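The structure appears below as structure tokens.
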Amino acid sequence: MRGPQVEPAVGLPDEVRIYEVGSRDGLQNEPTVVPAAVKAEFIRRLAAAGLPVIETTSFVPPSWVPQLSDAAEVLELLGPDGLGRNRPVLVPNERGLDRALAAGVQAVAIFGSATETFAQKNLNRSVADSVEMFRPVVERSRAAGLWVRGYVSMCFGDPWEGDVPVAQVVDVARRLVDLGVEELSLGDTIGVATTGHVHRLLEALDRAGIGVSTLAVHFHDTYGQALANTLAALADGVRVVDSSAGGLGGCPYAKSATGNLATEDLVWGLHGAGVRTGVDLESLVETSAWMAAALGRPSAARVVRALAPPIG
Ligand code: HMG
Ligand code: MG
């Protein structure tokens, strides 16, 4: 299978850690519920393709996200391969943490919002109350030796509130970091960010004492800016990038949220620029082509379409 011609780029790092969210952010948004056995096979194939971190699923109420109501079953099917500090799951509250711990999970992610409207829609409470919901989750997780990530959604724009002031994002980020999260992922939930905005936010976070070594970036690709924004964040020193195999993804509680940055498009861009990821592009493309066939529609990822065009 063809790969990019490698010509090292100025200003990019030697290595990037890809945080794969296809099995969580991707499958939470599917119109149909993908069977647990297919989810487990997807995660196995992603791991075999060399993805170093895979966010496997979510322990949220089945009434909120029925697509991932089989979280425990998926982890059971995976056995030890589905557990460990590089297999985080989404957990909103203590009930979710109890379920995750019972499944043997060793890494969790809480998910806050930079805006009040999305906090209400996605978490059924205010920003302040959601921070209080997360507090015991982070405390208990850290005490149990789990790795803890935090997300801030709507960092670059909100479908109901419009523009989101940088200072407001920094304020919520500070509150989540103060809870004790080890990594903070900046979510462009509806894919509206542009490169200057990314730089401004990273600069403001740095001034607030949240440096790039704590940060990851999470761009949805609604407006086609996700890869450009990611490269801008890397040039500013970020080293962890969220992406989704095949460009699956979206948030059922955010109108106009489409798929994440496709992992294949990211890997093509990084490998061509001489940046190591540890991912085998060919087996990743084969995985996304297999998943697209399972979902019954062509992959959204440009690189998958170019390298493994759908038959017929
Ligand atoms: P609520 O309705 O206020 O919760 O929802 P509650 O505490 O009142 O509980 C309601 C019922 O659910 C109770 O059961 C609880 O026991 C049960 P009942 O007494 O009625 O029988 N319950 C649970 N059951 C299983 N697992 C649990 C759990 N918690 C309560 N964990 C809540 C509040 C936070 C739970 C809800 O709003 C929620 O789960 N929201 C999450 C929605 C979601 O998953 N959204 C997508 C992920 S975020 C995202 O995609 C963005 C991201 O990718 C970054 C980006 O792109 O920006 C991360
Ligand atoms: Mg997302």
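Numbering starts at 1 and runs along the sequence shown. Order of listing sets the numbers, starting from 1, for every ligand and every atom in it. What you are looking at is a predicted structure, and each value in this text was computed from that prediction instead of being measured.
The shortest N or O to N or O distance between G96 and ligand 1 is under 3.5 Å. For ligand 1, none of its N or O atoms has an N or O atom of D188 under 3.5 Å away. Among the atoms of F59, some N or O lies under 3.5 angstrom from an N or O of ligand 1. Considering backbone and side-chain N/O of S153, one or more are found under 3.5 Å from N/O of ligand 1.
For ligand 1, the atoms sitting less than 4.0 Å from at least one non-hydrogen atom of H218 are 53 (O), 54 (C), 55 (C), 56 (O), numbered in the order shown with element in parentheses. Residue contact check: N93 has heavy atoms under 4.0 Å from atoms 27 (C), 28 (C), 29 (N), 30 (C), 31 (N), 35 (C) of ligand 1. Listed by atom number, the atoms of ligand 1 under 4.0 Å from V65 heavy atoms are 43 (C), 44 (O). Set against the non-hydrogen atoms of H220, the atoms of ligand 1 under 4.0 Å away are 56 (O).
Note on the Mg ion (ligand 2): protein N/O/S atoms under 2.8 Å are D25 OD2, H218 NE2, H220 NE2.
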**OP:** Test T195 against N229 for side-chain hydrogen bond (donor to acceptor under 3.5 Å, both in side chains), laying out the working first.
**Re:** CA-CA 5 Å; T195 55; N229 289 332; 5.2 Å; no
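The protein heavy-atom contact nearest to atom 3 (O) of ligand 1 is N124 ND2, 2.8 Å.
Which of N122, L186, L68 comes nearest to atom 37 (O) of ligand 1 through a heavy atom is settled by distance: it is N122.
Only side-chain heavy atoms of R24 come within less than 4.0 Å of ligand 1; its backbone N, CA, C and O stay farther off.
Using a 4.5 Å cut-off on side-chain heavy atoms (C-beta onward), V127 and T115 make no contact.
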